[in-house]
Amino acid sequence: MSANPFQDDYPLHPERIHGPPSTAAEHERRQATLEKLRSLLAVEADGYLSDPRLSHRDDSWLDWQERTGELPPDFEQLPAIADLPNPLVQYGNEPEHRTKITTKEGWEQQRDRYKEQLEYWLYGQMPPAPENVRATELEERPAEGATIRVVRLEFGPDHDATLTLEVMIPDGTGPFPVFMTQWNHRKWALLALQRGYVGVVYAAADARDDAADYGELYPNYDFQLLSRRAWAAHRVVDYLETLPEADDNRIGITGASRNGKQSLIAAAFDERIDAVAPCSAGSGAVVPARFDRDDCYAGDMAVHARLRRSWFHPRWRFFVGRENHLPVDANHLVSLVAPRACLLDTALNERTTSAWAVDRVYQSASSVYDLLDATEDLAVRYRQGRHARATRDVHQVLNFFDETFGIGEYEAPSRRYHDFSFEEWRRTAAEVDVTEFPKRDLDTLLKDEDGYAIDTVDSWTERKPAIRERICWSFGDRPPRASSPSESSLDAVSRGGKPDYLADVIGRPEPSAAVGKRWLSHSQTYGKRVDGDLYYPKTGDSDHPEGELPAVIWLHPYSYNTGYGAGGRGQVPVTSAIDRGFALYAFDQLGFGTRIGESEHFYNRHPNWSKMGKMVDDTLAAVETLSALECIDSDRIFIMGYSLGATVGLYAAALDERIKGVASVCGFAPFRTSDSEMERANAVIGRLSHIHGLQPRLGLFRDDPERMPFDFHEVLGLIAPRPLLAVAPSLDWTHPQKEVLRCVDEARSVYDLYDEPGALEVHAPDDLLSFDYHEARLANEPGDTSEAFFTDRRNTVFDWLAEQV
């Protein structure tokens, strides 16, 4: 028996990991985690929100925690996995405790564990199927070529649970395939009826929710709103099995947004459902928590766990800021549908779902479909537009069901925009012998290649080109380029085109009485035109910025769908810049926002270059363009970046001394230490090389990080003595605060050489990963919503920028 009673069976019994503490030390750790969460999440403020109460028992998360006494899990006993946990691996705390699932029989055992864990951590436990479902016909009326019936199902204790259905049966000889959806998608069912389906809409949605009270009828089960609605869908299937006109071997279910979530949960937990198409299902369904954080500008698990607290089990909230410890994620939910048909449908540019994250789920779940010889039964479809669906989109879902049920022949969607594979890249890229690179530590920054100390600015200056060369090597081989004529007039740079129409789809900040806006493209030496927006302080009725303004280039995070900004959270910080007298220039990075299609097949075209190299080039082109504008002070151009944008900005500033200074929020961690102390692979190096596919050459060093050609303390050193602000919150597991601080401390020695130690600043708050949003800054008084979702962080950063000017 292991000395740790919580490890032996993991992940067979999740309650054993999350059960009562086994030692006083464990209790102390878990209690401390709870206190920190209560502070960071400001759970006392939940009562001021308008969302329904958490459950029939508890008004808020705090009520639930105090009633149950539950503590967060002991995160030391949960593996930290930066990428999606492989659904075909049974994980233990250490690599040697991990078992690969290679047979269909092994998968059957694994899928039962996943069901248990998904209920336990995310959705709440659903009751067993009742054996007393009875149907009462409330109404029947003829329609053109069909019969419409309204039915009430009664079941559960004393038949007190009810569910109302509308059943649309086509004329003719059945049985017919079934199209299920929720009450507020009735028009979808009418389209299915026209194709010869039995259309069924059931009252378990916001428009009409008979499932809302199931929790009171089943007090021993803690299923939350989404799982109650999914369980209601199972009762519809109970009824369909008794309906002669329905073919219960051809049942498909679909829904959109929160209805997409419940549809996927319903299919995952009931094998009688033969096909499912969750549309824009987002957080807690098709977007994994690991990629559903503030720096993705999509749904954000932290937001859903608070504002949609009735949807998910309260335990999910324990993982805010520690999403990499979640034992199960969206890829496991989708995998449970295998080998049945599943279509993941989402829009490329909607604000609540990351299409890139959906593709990661698709890739992961595909391994299960492959094992079960059902590769063609999992599909992903990306539509144009926003979160809302059009009739054409519903027809695409019906096409998928038709193909699945043998009604018609349609090709499943196959176009993917984010299909990077490190293994595939390695097969086509140039060979690299990693052993030719010497091993280095972080303490070698002020040593030359022969190991001698660097103690003067001149000797450091001599070393800088070699470091820059290694950084550029990591970007790969830049393709040929030719320079364009430089133009200083804003009108000249702006002419020759119009803004991308997708910018209007996504949403960008618009000009106002105080803010002017000019669209312009930057190209110059760096080649292909890249479109962006210049915001500036507006003076009178002038359409042009006046004077020579300091400028800041805003570089966005991993916001695949929205690029540099959209309405609401994730807004590009225009006002903060304008209020301090800056012009602000923003553009989409390659593969983000309006430029998703541009990055498609990038590595087929450039197997030895990298997306990161292109992003840095685009940023330097923006610097060049701004420097040429008469309205911009070329000596006062700064970069401010968040997450991915901060990484790009640091690289750019290390290579180009025209950049006056950099504000980096959650932008770096050292390669050479972090991976050896975390998951040995994915949190720092693998995020850039394997997960996002931005700097694949770095992945060659993932198993030997000490041979990394450069590290971020050298990047920071190259920026010296220019001003640099690094923000590193404690709950950013992609950039561990301890490692960031060590990196900054090493780089400070270069600033000391220049006698400018104060030019390198670091803010290390005990806080969540965020730029704008922070739960702890919610209003303290009921009804006071001013600044409810914004922190002082952006103001802190811009105040720092203003000080540099």
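No hydrogens, no waters, no symmetry mates; every other heavy atom, side chains included, goes into these values.
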Atom [atom1] in [X], atom [atom2] in [Y]: separation rounded to 0.5 Å?
| X | Y | atom1 | atom2 | result |
| --- | --- | --- | --- | --- |
| Thr594 | Asn349 | OG1 | CG | 8.0 Å |
| Ser599 | Ile596 | OG | CD1 | 7.5 Å |
| Arg697 | Phe475 | CZ | CZ | 11.5 Å |
| Asn561 | Thr352 | CG | OG1 | 8.5 Å |
| Asp766 | Leu40 | CG | CG | 5.5 Å |
| Asp295 | Thr734 | CG | OG1 | 6.0 Å |

Assign the ring pair His606 / Phe602 to parallel, tilted or perpendicular, where the plane angle (0 to 90°) is split at 30° and 60°.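 Rings of His606 and Phe602: tilted, 30 to 60°.
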Would you call the rings of Phe422 and His690 parallel, tilted or perpendicular, taking 30° and 60° as the class edges?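 Correct class here is parallel.
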Using the benzene-type ring in the case of Trp, are the ring centres of [X] and [Y] under 6.0 Å apart?
| X | Y | result |
| --- | --- | --- |
| Tyr603 | Phe420 | yes |
| His692 | Trp356 | yes |
| Trp554 | Phe771 | yes |
| His735 | Phe668 | no |
| Phe712 | Phe671 | yes |

Qualifying residues under side chain to side chain contact (heavy atoms under 4.5 Å, CB included), relative to Lys538, sequence neighbours excluded: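 For Lys538, no residue satisfies side chain to side chain contact (heavy atoms under 4.5 Å, CB included) once neighbours in sequence are set aside.
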Less than 4.5 Å apart, any side-chain heavy atom of [X] and any of [Y]?
| X | Y | result |
| --- | --- | --- |
| Arg595 | Asp618 | yes |
| Tyr651 | Asp656 | no |
| Glu657 | Arg722 | yes |
| Val287 | Val361 | no |

Does Arg415 qualify as a cation-pi partner of Tyr382, given the criterion of NZ or CZ under 6.0 Å from the six-membered ring centre and within 45 degrees of its axis?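 No, a cation-pi geometry is absent between Arg415 and Tyr382.
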Counting only pairs under 3.5 Å, give me each side-chain donor-acceptor contact of residues 634-641, with atom names and distances, residues two or more places apart or in other chains.
unit_1: Arg636; atom_1: NE; unit_2: Asp633; atom_2: OD2; d: 2.7
unit_1: Arg636; atom_1: NH2; unit_2: Glu548; atom_2: O; d: 3.2

Looking at Phe592, Phe291, Tyr297, Tyr417, which one forms a ring-ring contact (aromatic ring centres under 6.0 Å, His included) with Tyr560?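 Only one option passes, and that is Phe592.
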Determine whether a donor-acceptor pair (N or O, by modelled atom type, separation under 3.5 Å) exists between the side chain of Gln737 and the backbone of Ala728.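 Yes.
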Minimum heavy-atom distance between Ala347 and Ala355, given as atom pair plus value: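 The answer is O-CB, 4.2 Å.
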Option among Leu348, Asp292, Val358 that satisfies the side chain to side chain contact (heavy atoms under 4.5 Å, CB included) test with Thr353: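 In the set Leu348, Asp292, Val358, the residue that makes a side chain to side chain contact (heavy atoms under 4.5 Å, CB included) with Thr353 is Val358.
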Under the side chain to side chain donor-acceptor pair (under 3.5 Å) rule, what do Ser474 and Gln695 come out as? Steps first, then yes or no, please. CA-CA 7 Å; Ser474 76; Gln695 242 174 315; 2.9 Å; yes
Which residue, Arg468, Arg463, Lys464, forms the salt bridge (Lys or Arg N to Asp or Glu O under 4.0 Å) with Glu714?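 Only one option passes, and that is Arg463.
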Salt bridge Arg580-Asp799, side-chain N to carboxylate O under 4.0 Å: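 Asp799 and Arg580: salt-bridged.
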Around atom CG of Asp755, are there more than 12 heavy atoms from other residues, nucleotides or ligands closer than 6.0 Å?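 Not buried by this count: 12 neighbours or fewer within 6.0 Å.
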